[in-house]
Amino acid sequence: MSSKITFQIFESESTFLDPRKKYEPRTEQFQVRIDPLTGRTGHFSHIGAVKAQKLDLESYTQPALKGFCPFCLENREKATPKFTKEIFPEGRRSKREAILIPNLFPYDVYSGIMIMTDEHVVPLPGFHEKRLSDAFSLGIEFLKRTRAVDPALPYHLMTWNYMPPSGGGLVHPHQQYFATKHPGNHFMDELRASEAYYATSGANFWQNLIEEEARTGERHIGQIGTSHWLSSFVSSSFHGDILCIFPDVFSIDDFAENHIDCLISGLHNVFRYYEWAGIYSFNAALFFGPKDQQSFSCHFRITPRTFLNTRDFAPDMNFFQVILAEPVCVKLPEDLCREVKTFF
Ligand SMILES: [Zn+2]
């Protein structure tokens with residue numbers, strides 16, 4: 001069956017009289033792209049104009065900026081909570097440096113925090129494969145445990161804010177893991193659209209997306225084991241999203257050690273690209289759908305974040321994203337793909 005996926009781009013332009021060129025008419029191009037799954041739009045403009053800002057990571061260790069960190073070793077025992085005995089009888093679970101605790105301020109029924117490292121400030125090269133592997137495998141174990149304890153919660157996700165531009169409240173590396181009935185609007189939009197695609201075409205959107213992107217090659221970064229890495233046709237933030245799809249994984253129960261290995265291997269490449277590109281902060285998430293379905297494949301999305309400047313630390317999200325729910329991107333996914341590919 002041929003794919004029903006379409007990649008729609010609306011090219012447009014705006015003309016003004018340019019004060020930099022004696023008020024000669026100047027025309028700037030922009031694009032609006034339609035997400036092939038959800039139908040939501042995204043703007044592409046100011047291509048190449050917004051640069052990711054360098055962060056002074058050293059400064060985050062200075063007492064005035066650091067403040068009190070409950071995740072630092074000396075505070076952990078007294079400041080962090082423990083799980084109830086039906087989740088983990090030992091209270092907190094650890095694997096080398098990675099330690100899993102419940103959130104003191106839970107967002108959902110099961111709201112776990114993975115403290116990933118002993119160190120308070122860890123630059124991207126510090127996320128070697130063992131650190132990533134320990135954090136992800138312990139987090140996945142937690143989600144599988146919540147599934148066993150409370151099978152009525154159908155959705156599972158990992159989320160990660162890294163460094164202050166991402167909105168993370170603590171610099172100390174940590175991920176958040178959720179089991180929930182309410183995984184957020186983006187998750188539910190994708191889930192419903194994947195179900196609708198499956199109902200009308202009899203095919204899995206994510207599998208078809210991989211095939212379509214591999215055919216044209218424009219946004220297909222690479223394959224690692226069973227994982228497929230793409231630059232996203234529509235992105236959430238300025239510098240473009242990278243997607244990793246596991247077409248054969250549908251719910252948390254399907255996610256095995258080999259999938260974690262593929263994810264970490266690819267993520268390691270993405271981090272090397274970020275170092276090269278001068279990206280210091282990101283948001284990331286890993287989505288797992290409900291059991292007994294074949295329409296919504298597991299996928300991971302990572303999107304760079306930055307301050308617009310380090311003078312007044314303007315964030316890179318404004319009315320576009322917050323009120324209009326419209327992402328704006330300054331990097332074309334085809335350019336992003338070309339750059340990232342050299343790290344795969
Ligand atoms: Zn800390």
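Just follow the structure's listing: the first ligand is 1, and inside any ligand the first atom is 1.
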Would the distance check show the side chain of D248 and the main-chain N or O of T226 forming a donor-acceptor pair, the cut-off being under 3.5 Å?
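Pair absent, no side-chain N/O of D248 close to backbone of T226.
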Just by modelled atom types, is the E119 backbone N or O under 3.5 Å from a matching donor or acceptor in the H172 side chain?
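The answer is yes, because a donor-acceptor pair under 3.5 Å joins these two groups.
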Check the Zn ion (ligand 1) and write out every protein N, O or S atom at under 2.8 Å, as residue and atom.
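Within the sphere that stays under 2.8 Å of the Zn ion (ligand 1), the protein atoms of type N, O or S are C69 SG, C72 SG, H120 ND1, H172 ND1.
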Given F296, which partner from the list Y197, F250, Y155, F187 fulfils the ring pair (Phe, Tyr, Trp, His ring centres under 6.0 Å) test?
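Only match with F296 under ring pair (Phe, Tyr, Trp, His ring centres under 6.0 Å): F187.
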Mind checking salt bridge (charged side-chain N to carboxylate O under 4.0 Å, His left out) for D134 and listing every partner two or more places apart, or none if nothing turns up?
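Applying salt bridge (charged side-chain N to carboxylate O under 4.0 Å, His left out) to D134 gives R96.
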Taking the ring centre of each residue, are H174 and F71 less than 6.0 Å apart?
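Yes, ring centres under 6.0 Å apart.
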Tell me, do F136 and Q175 make a side-chain contact under 4.5 Å, heavy atoms counted?
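Of all side-chain heavy-atom pairs linking Q175 with F136, at least one is under 4.5 Å.
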